[in-house]
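Here is the structure we will look at, set down as structure tokens.
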Amino acid sequence: MKRKKIIIAVSALALIMTTYFPIKKIIGKVNFMTDWGKVLNNDSKSKTEDAQRQNGINYRISAFGTDSNNIVSNEDIFEVGNDILISNQEIEVAKAFYILQGQNEKDAEQAAIKYVEEYNAMYVEAVNNGYNVTEKEIDEYVTDLKVMAEQAENSYDVKKVIDQFDSEDEYWNYQKNICKKQLPVQKYVKSLEQEYATDIGEKIDSVEKTAMWNSELNNIKEAAAKKQQYKKMDAINKIDKKFEVKKEL
Amino acid sequence: MKKMYIKICLLGVTLFLLGMFYQSTNASAAYALNKNYENSYLFAVPEGGWSSIYVNINYTERYTKYDSSTNKFYSRECIFVYKSSYATSKPVGNVATIKHFTKSGGELHHFTKWNDFAVVVPTSYDYIWSKQNGKNKFYSKSTDSYAHVAFQVSCNGAVPPIQTGGLKMVLTAN
């Protein structure tokens, strides 16, 4: 009887040990997507509020490209680059991503600033190199992304994010706004990858070569960010006129 | 009578030889089991969008009839291709293992020696891994053992950072 109890106890412990970490990992991942969805929903709502704001001076987030249709108030600007503005909201969204990943607040903020500076700088480079996109291209891309999201192996991840929005349409409209910057950068980066493959005389067709390319891409992103010479908003006197939006009387 | 007897014997021998010939040609005829898997994997990225990788695996086991109840699996080929869509960090995929298992998941064999073999795939794919293995494995025709190709996709800095998948093909071949 005693032996039986020991066997049952050991078996139960083994079961707990083998299932605890996988379950914890799954729950952790489910929480990330749910919480990330909430962050994005808040971001979507704040962009709507920015567009409706009447007070303060409004600026175009970018000097050119499709993203130049996005407006930000002077109170919401974090940094000013030569050709693009970085909003506080963009930093907060990226920071939330890194906090949800498990980083502490300080590291998450540093990682967010680096990521957003580089991403925005790459957008400028993309547009300057002719990789802008039309509204039609954005619509087509999001339509394809919708289908992919429904059929993907991890479609449940996407659903967790979408479920945090008031409606699925709101989520996909939000994605269209994201794509104004993401698509030009994607197209530009693809061309850089092809150039890199030509330069090294080999296809990027292995795990090792992909790691080499990603390392090179990091160098390219850092150089693009340096070129923008970002300055904190409170360190400058005036934002260049090219960013100003004339108020309608 | 004697002539009739000789004719019957000759007919019998001829039929026997024909039967033997049929058996031998039938035994050397080659067959194949084939399965395809394709799907996309999405990765959440800090700007609020998604990076993605689309994977396609084509797996073939080639066999001959070894005897009336056994198949000899003498060769296998795996073609693993993918294409990715990304802005800041390129997703990557790789084949982890190719094995044979019993129905209940007991490992029968782990194939480790693979040789390159040439294939033609659409140019839209970023990455092509096409390999062949020539290890002989024998299973009954009604076996419920299966072949499994395990793979992994990942995207640095994204969530989830790593995802896994697999192709499973039962080796029943009557």
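What you see is a predicted model; the values in this text were computed from it and never measured. We name chains A, B, ... by the order of the sequence lines, and we start the count at 1 in each one.
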message: As an exercise: rank B:Gly165, B:Pro161, B:Gly48 by heavy-atom pairs under 4.5 Å with chain A and give me the winner.
response: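 Among B:Gly165, B:Pro161, B:Gly48, the one with the most close pairs to chain A is B:Gly48.
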task: May I ask you to establish whether B:Arg76 and B:Phe111 are in a cation-pi arrangement, using a distance under 6.0 Å from NZ or CZ to the six-membered ring centre and at most 45° from the ring axis?
output: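 Yes, B:Arg76 sits over the ring of B:Phe111.
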Picking from [options], which has the most non-hydrogen pairs under 4.5 angstrom with chain B?
options                      : answer
A:Leu40, A:Val158, A:Val93   : A:Val158
A:Ser206, A:Ala96, A:Ala211  : A:Ser206
A:Val185, A:Asn214, A:Asn177 : A:Asn214

Under a 3.5 Å distance rule, please check whether [X] uses its side chain to pair with a backbone N or O of [Y] as donor and acceptor.
X        : Y        : result
A:Asn104 : A:Asp107 : yes
A:Thr143 : A:Asp139 : yes
A:Gln228 : A:Asp83  : yes
A:Asn154 : B:Leu42  : yes

Side chain proximity check, [X] to [Y], heavy atoms < 4.5 angstrom:
X        : Y        : value
A:Asp166 : A:Lys45  : yes
A:Lys114 : A:Glu222 : yes
B:Ser52  : B:Tyr41  : no
A:Met212 : A:Glu208 : no
A:Glu193 : A:Lys190 : yes
A:Asn120 : A:Glu90  : yes

query: Between A:Phe97 and A:Trp36, is the gap from one ring center to the other below 6.0 Å?
result: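 Between A:Phe97 and A:Trp36, the centre distance is under 6.0 Å.
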task: Rounded to the nearest 0.5 Å, what's the gap from NZ on B:Lys3 to CD1 on B:Ile6? Could you check?
output: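 Interatomic distance, B:Lys3 NZ to B:Ile6 CD1, rounded to 0.5 Å: 9.0 Å.
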query: If you round to the nearest 0.5 Å, how far is CD of A:Glu92 from CG of A:Asp43?
result: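 Here the interatomic distance stands at 10.5 Å.
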Of the backbone (N, CA, C, O) and the side chain (C-beta and beyond), which part of [X] lies under 4.5 Å from a heavy atom of chain B, both, or neither?
X        : result
A:Glu118 : neither
A:Tyr171 : side chain
A:Lys181 : neither
A:Val161 : side chain
A:Ile204 : both
A:Gln182 : both
A:Gln175 : side chain
A:Ala149 : both

query: Does the pair A:Glu117/A:Lys221 count as a salt bridge with the N-to-O cut at 4.0 Å?
result: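 Salt bridge flag = no for A:Lys221 with A:Glu117.
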field: Salt bridge flag under 4.0 Å for residues B:Asp67 and B:Lys72
entry: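 No, this pair does not count.
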field: Full working for side-chain contact (heavy atoms from CB on, under 4.5 Å) between A:Gln103 and A:Tyr98
entry: CA-CA 6 Å; A:Gln103 292 193 34; A:Tyr98 290 113; 3.5 Å; yes
message: Taking side chain as everything from C-beta outward and backbone as N, CA, C, O, which of these in B:Asp126 sits under 4.5 Å from a heavy atom of chain A? Side chain, backbone, both or neither.
response: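 Looking at B:Asp126, backbone and side chain both touch chain A.
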field: Interchain contact, B:Val45 with chain A, by part (heavy-atom threshold 4.5 Å)
entry: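 Its backbone and side chain both get close to chain A.
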query: Side-chain donor-acceptor pair under 3.5 Å between B:Asn58 and B:Asn36, yes or no?
result: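 B:Asn36 and B:Asn58 do have a side-chain donor-acceptor pair below 3.5 Å.
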Ring pair (Phe, Tyr, Trp, His ring centres under 6.0 Å) contacts in which one or both residues fall within residues 176-222 of chain A, not counting sequence neighbours: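 Output for this query lists A:Tyr131-A:Tyr188, A:Tyr196-A:Trp213.
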Sub-4.5 Å heavy-atom contacts with chain A: which residues of [range] show up?
range                       : result
residues 167-174 of chain B : none
residues 129-154 of chain B : none
residues 81-106 of chain B  : B:Tyr82, B:Ser84, B:Ser85, B:Tyr86, B:Ala87, B:Thr88, B:Ser89, B:Lys90, B:Pro91, B:Val92, B:Gly93, B:Asn94

task: Assess whether side-chain contact (heavy atoms from CB on, under 4.5 Å) is satisfied between A:Trp172 and A:Leu145, documenting all intermediate values.
output: CA-CA 9 Å; A:Trp172 291 114; A:Leu145 183 58; 3.9 Å; yes
